Protein chains: 2
Amino acid sequence: MHAKTQVREVDSVGDAPDIIWLRPERPARGPRPAYSRAQIVEAAIRVADHEGLDAASMRRVAKEIGAGTMSLYRYIPRREDLIELMVDAALGELDLPERPSGDWRADLTLLAHGLRAVSLRHPWLTRLPQTRRVFGPNALRMLEFGGGTLDGRGLSIDEMMTLFGIFNGYVDGFVRAEVSWAEEERRTGMDRDQWMAYTSPYVHQILAGGRHPVFSKVVIEARQPHMDPEARFEYGLGLILDTIAASIPAPSGQAS
Amino acid sequence: MHAKTQVREVDSVGDAPDIIWLRPERPARGPRPAYSRAQIVEAAIRVADHEGLDAASMRRVAKEIGAGTMSLYRYIPRREDLIELMVDAALGELDLPERPSGDWRADLTLLAHGLRAVSLRHPWLTRLPQTRRVFGPNALRMLEFGGGTLDGRGLSIDEMMTLFGIFNGYVDGFVRAEVSWAEEERRTGMDRDQWMAYTSPYVHQILAGGRHPVFSKVVIEARQPHMDPEARFEYGLGLILDTIAASIPAPSGQAS
DNA sequence: AAGCAGTTGCGTACGACGTACCCGGTATCT
DNA sequence: AGATACCGGGTACGTCGTACGCAACTGCTT
């Protein structure tokens, strides 16, 4: 991120990758570790849930479990890896059946609601700068379940991944918007009403200009009671699933 | 983000908000400023484009324009605001007509390609943790254009914003995936092939387990030549636009 | 013309951050 | 018993955002 952040060099193709999922948790020899990865990750998630991802610093997490700062590095070599573990642990909360049921629409609806629930519990999830990520076991499980719903229906892998990407993008985008109010309130100490009051001089200047009809509509509408988030989520999700339905070749005769 | 990051208190409803878009650029009295916001933002964008958003620190940007670090704070009170200005400046590169043409499908296609082009030029855009954001002039312009394509077609504002959100989510999600390879290469010094080699022990372990058919398909397929990004983008965009089309009530008689 | 209030550029300093390096202690293997 | 490999963690470095204060300068008021 910042600070030193020097990057490991890749010397040759053959050297052992330092991937957290390949690093054994317990050593073959030597003294027994005093802490566990699970314990560390749990503490980090607890802090991040309550005080934001930035608060879950290496120092803070170490303190949380009663360890010295640098001891943490015996378990998790980089903060990046801590975050990776946190993400996968959060995805582990998804309550999914072993395999898709065959009713892809029901399965994706289940997955969507599961993802939304997890993200609401762990708002920092939607705020991660997503990178080239190594899939952990629970991310894999989700991919298999989600991708599996569309597998074997005559779609190419490109099409499947595009559709799954659209699905994920919708869920993520929706939840991100939903979560951002609570997150920003925690971050800035301003709740929604205070924020409205704070920005109102600017907003009114825009409204007074009269050249932003869409913005005006949004603002005016935002002051009125909305469809509740559940219903809005469901509405958009229905559209996305319809899109997917239209892309799946019909099994027997007629095409869509 | 981190460090001190103490948050301004909101004392009362009435105190003047410190919103960058309301802060006048030039003072009424006193010596004339030596630099300009535009110059600062341009330097910040240049650095972020080449070395990533983190490299565009206050110190670095100040050095870039030949100013002392703290001088920057006379122009831009917080780094958060610098980023806000950068985003809006980038959106300013969107080449959009004054108002939608009436052909919403053509207009949204234009907007989608514009957004993709801008994001490819400024990869840090897709990597921003999005927050409760104050819309700058160019963000407003985009909102008006994009929202305007769907306005007056019998949709509620909730529906319009859901559809526009789906549209934005798709474009953003696609470009994010597209850009992440280049960004990660800059960040880690590993190109795509090196990354593949680096992770291959882990990937092979998963493949060998034989319990991840979807992942296996993706990996195997990823080694073969793909549809080019343009075509994939266009394919998904078509689906999204179809979704929107299906949601727009028919103007005369029959419904969708 | 003189004074003063407001604004400039900017140096210093503080408290956070990630983490490299090093050390003394401990558990296991030979 | 000695060697080996790993443990916990203290110290230190370079980075960050930014609060504070100060001298110089500008433009308005008298």
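Excluded from the calculations below are hydrogen atoms, water molecules and symmetry mates; all remaining heavy atoms, backbone and side chain alike, are included. Sequence lines set the chain letters: A, B, ... in the order given, protein chains first and strands last, and positions in each chain run from 1. None of the values given here were measured: they were computed from a predicted structure.
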* Asked: A:S57 side chain N/O closer than 4.0 Å to the phosphate oxygens (OP1, OP2) of C:dC17?
  -> yes
* Kindly say if A:R32 contacts the phosphate of C:dA27, meaning a side-chain N or O under 4.0 Å from OP1 or OP2. => no
Rounded to the nearest Å, what distance is computed from the [atom1] atom of residue [X] to the [atom2] atom of nucleotide [N]?
X	N	atom1	atom2	value
A:R29	C:dA27	CZ	C1'	11 Å
B:M58	C:dC10	CE	C1'	14 Å
B:R60	D:dC16	CZ	C1'	14 Å
B:R23	C:dT8	CZ	C1'	14 Å
A:R59	D:dC16	CZ	C1'	12 Å
B:L53	D:dT15	CG	P	18 Å
B:L72	D:dT18	CG	C1'	12 Å
B:I83	D:dG17	CD1	P	9 Å

* Sidechain N-carboxylate O distance under 4.0 Å for A:E144, B:R211 ->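 So A:E144 does not pair with B:R211 through a salt bridge.
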* B:R187 bridged to A:E80 by N-O distance under 4.0 Å -> yes
* Centres of the B:Y170 and B:F233 rings: under 6.0 Å? -> yes
* **No-H, no-angle donor-acceptor pair, A:R74 side chain to D:dG8 base, under 3.5 Å** =>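 Indeed, a donor on one side and an acceptor on the other fall under 3.5 Å apart.
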* Asked: Is any side-chain N or O of A:R78 under 3.5 Å from a base N or O of C:dG18, one able to act as donor and the other as acceptor?
  ->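 Absent.
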* A:N138 side chain to A:D88 backbone, donor-acceptor under 3.5 Å ->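 Flag set: sc A:N138 to bb A:D88 pair under 3.5 Å.
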* When you measure from the centre of the six-membered ring of A:F174, is the NZ or CZ of A:R232 under 6.0 Å away and within 45° of the axis? -> no
* Classify the nucleic acid contact of A:S71 as base, sugar-phosphate or nothing, counting any heavy atom under 4.0 Å across all strands shown. =>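 Base: the residue A:S71, judged by heavy atoms under 4.0 Å, touches a nucleobase.
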* Is B:A62 touching bases, backbone alone, or none of the nucleic acid, heavy atoms closer than 4.0 Å? ->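 No contact.
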Of all the nucleotides listed ([options]), which has the minimum atom distance to the side chain of [X]?
X	options	result
B:Y35	D:dG17, C:dG9, D:dC6	C:dG9
B:A34	D:dT18, C:dG9, D:dC6	C:dG9
B:A67	D:dA5, D:dT18, C:dC10	C:dC10
A:Y75	D:dA19, D:dG8, C:dT7	D:dG8
B:P31	D:dC7, C:dG6, C:dG18	C:dG6

